[in-house]
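Remember, predicted model here, so these are calculated numbers, not experimental data.
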Amino acid sequence: MLRLVCLGQGVEPQLPDEPTYLELGFGQGVSINMHAAGSAGSYWGTDFNPAQVVEARRLAAASGADIRLFDDSFEELAARNDLPDFDIIALHGIWSWISEANRKVVTDIIRRKLRPGGVAYISYNCLPGWAPVIPIRQLMRLFQDYGGTSLSGPAGMVNGALKFTEDFAKADSIYFKENPILQHHLEKLQSQSPNYLAHEYLNADWHLEHFSDMVRSLDDAKLTFVGSARLLDGIDALQLSAKGRALVSQIGHPIVRETARDYLMNRRFRCDVFIKGARKLVGSEHRDAWHAQTFVLVRPHEDMPKKITCSRGEAELPADRYDPVIAILSDDGFRPKRMDELARHPKLRGWKPQEIIEVLIVLVGAGLAALARKPSEKVRQRCKALNDHILQRALVSMDLQHMVSPVTGGGINMPHMAQLFIRALREGRADADALANYVWSFLDSIGERLLKDGKRVESRDDNLRMIRVSAASFLAAGRPLLEALEILHRDSTPIRIATSGHR
C-alpha cells in the first residue's frame, strides 16, 4: 500500500523486498503480526500496555515470524541500543492521543532511525473537521474531572459524561442552537462503544492540528509529504464538487492544495505518508514501475458494490469503466495479474494506461482489490501457521475477523461464519449441506443462534436454511477467491485441526 501511495504521486518507493519495519503503539498487535507473517523482512514494535503485548506475542509465537515486540515507552524505545535503521516507521491512532513530549520523542526516533529513502506513516485527528466538536470533548472531560466517579467504571463514566453534555444541549444553549451539527453528533455518540468514546473524548491528551502544522512539525525529521494512505481521499473526481475541483486545480503549492481538500471535504482524520528524501519518477521509469505492479481482487465479483462512500455521500462506479477491469481480475480463478497484462487485454483495447490505473486505485482504495506478489515458501508456511491459530481461536472467540494472505502480505476480512466454513472444508466437508451442518452443530453447542432483522432465530430448520444459503454462496464465490489469495489451497488434502468436542 505504501508503494502504491508513492507511485500514485510519482515518487520512487525506496522500499526493499525485505524491509525493516517499526510500529509505534501496535495495540493488540493484529496488523503487525499479519504483516510480519505475510511479508519478508524484520518487524519491530512497542506498546506501553503489557496486556496487549502479551496478546500480540501469542500471535507472533503462532506464526514464527521475524518479529520483536516490547512494552517500552517511546522514550525507553528511543534509548535502546539494539534498534536497527528502519525502512518503514508507522503509527496509527497514536499521534493525537500522546503528550507533546512524546510527540517530540517520536519525531526524534523518526529523524534518527528512519533511513534515507525510508517511509513514515502517521494517522491523526485533524482540523477543520473536529473544530465544532471541541467544546463537546471539553464538557465530557469536565464531567470526568469534576463530576464523575471512578466507581462507575469506564461505561458509567462515558454515559454520565454524555448525559452531562446533553443537558447543556437541552437547556436552550445558544451555542448548540447556532451549531446544529452538534446535536447530530451527540446522537451519533450514543451508538458508539464506551471504550472508543473513552479513548477519543476522555483521554488525558487530545491533540488537534491542521495538516500544514503537521508537515511543519515533521521538518526536524527531514520528512516530505507524499500523499494519503486512504487512496480515495486523493481522487478529486470522487470527493469534490465541480467548483471544488476548479479551486484545487488553481492552487500550485502542494501543502496549500492539500489544505484546500481538507476544508472542502471537512476532514477530521488523516492517514499521511511521508518519505525521507523523495525522488521523483520521470517518464519511462514511472510507467515501468506501474507496469510491474500486480493486483488481485479481495472480494468476489458477485459482491462488488455499484457505489462507494465518499465525502459527498455515495459515488457510483460506472459499469463501463469498472466492470471490464473487475471481470479480467476475476478470470482464471482470480489469478493475480500485472498491470502490463491488464493493459494488453482485449477487453481494455483503446484504454489509456492512466485510465486503467485510476480504476485500480479506486478498487484498492475501496478495499475491493489489493497489490499482490508471489510469496516465498517461508511466508506461506508462516501464514498457514497464523491462520491455523486464528481458526482454532474461532471456536472460543469472535474477536479476530481477519485471516492473513501470503499473496497480499496482509489481513483479509473474514467474518466468523466464514472462518467456520474454512474449518469445515479443512476437516473434509465439501458441500453446502455439510458446511451448514458443521456450523449449526457448533452454534447449537454454545447456545448461539443467527439473527434476522435484529431478532434471534430459534428454529433449527430456519438456522440451517440461512446457514446453507451462506455456505452455497461461500463455495461458489468465496472459496475460489480464498484459493487465489492462498488462504485456502486447491490441491491440499484435508488438514486435521483440533475440535471443540461439540461433535
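Note on ring orientation: taking the six-membered ring where Trp is involved, the planes of Phe70 and Trp44 are tilted (angle from 30° to 60°). A perpendicular orientation is assigned to the rings of His92 and Phe269, their planes being inclined by more than 60° (bins at 30° and 60°).
One distance of note links CH2 of Trp206 with OH of Tyr201; it measures 6.5 Å at 0.5 Å rounding. Annotation: the span from Phe164 atom CZ to Gln144 atom CD amounts to 12.5 Å, rounded to 0.5 Å. In this structure, CG in Leu15 is found 11.0 Å from OG1 in Thr20, a value given to the nearest 0.5 Å.
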Could you go step by step and tell me if Ser397 and Asp399 meet the side chain to side chain donor-acceptor pair (under 3.5 Å) rule? CA-CA 6 Å; Ser397 173; Asp399 61 339; 2.6 Å; yes
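Arg270 forms a cation-pi arrangement with Phe211, by the criterion of a distance under 6.0 Å to the ring centre and an angle within 45° of the ring axis.
In Gln192, the CD atom is crowded: over 12 heavy atoms of neighbouring residues, nucleotides or ligands sit closer than 6.0 Å.
The pair Asp213-Arg216 meets the salt-bridge criterion, since a charged nitrogen lies less than 4.0 angstrom from a carboxylate oxygen. Asp108 has a carboxylate O that lies under 4.0 Å from a charged side-chain N of Arg112, or vice versa, which qualifies the two as a salt bridge. Salt-bridge check for Glu76 with Arg80: failed, with every basic side-chain N at 4.0 Å or more from each acidic carboxylate O. Looking at Arg380 and Glu377, a side-chain N of the basic residue comes within less than 4.0 Å of a carboxylate O on the acidic one, giving a salt bridge.
Listed by chain and residue number, Arg449 satisfy the salt bridge (Lys or Arg N to Asp or Glu O under 4.0 Å) test with Asp444 (two or more places apart in sequence, or in another chain).
Identified under the side chain to side chain donor-acceptor pair (under 3.5 Å) test for residues 57-67, with sequence neighbours left out: Glu55-Arg58, Asp66-Arg68.
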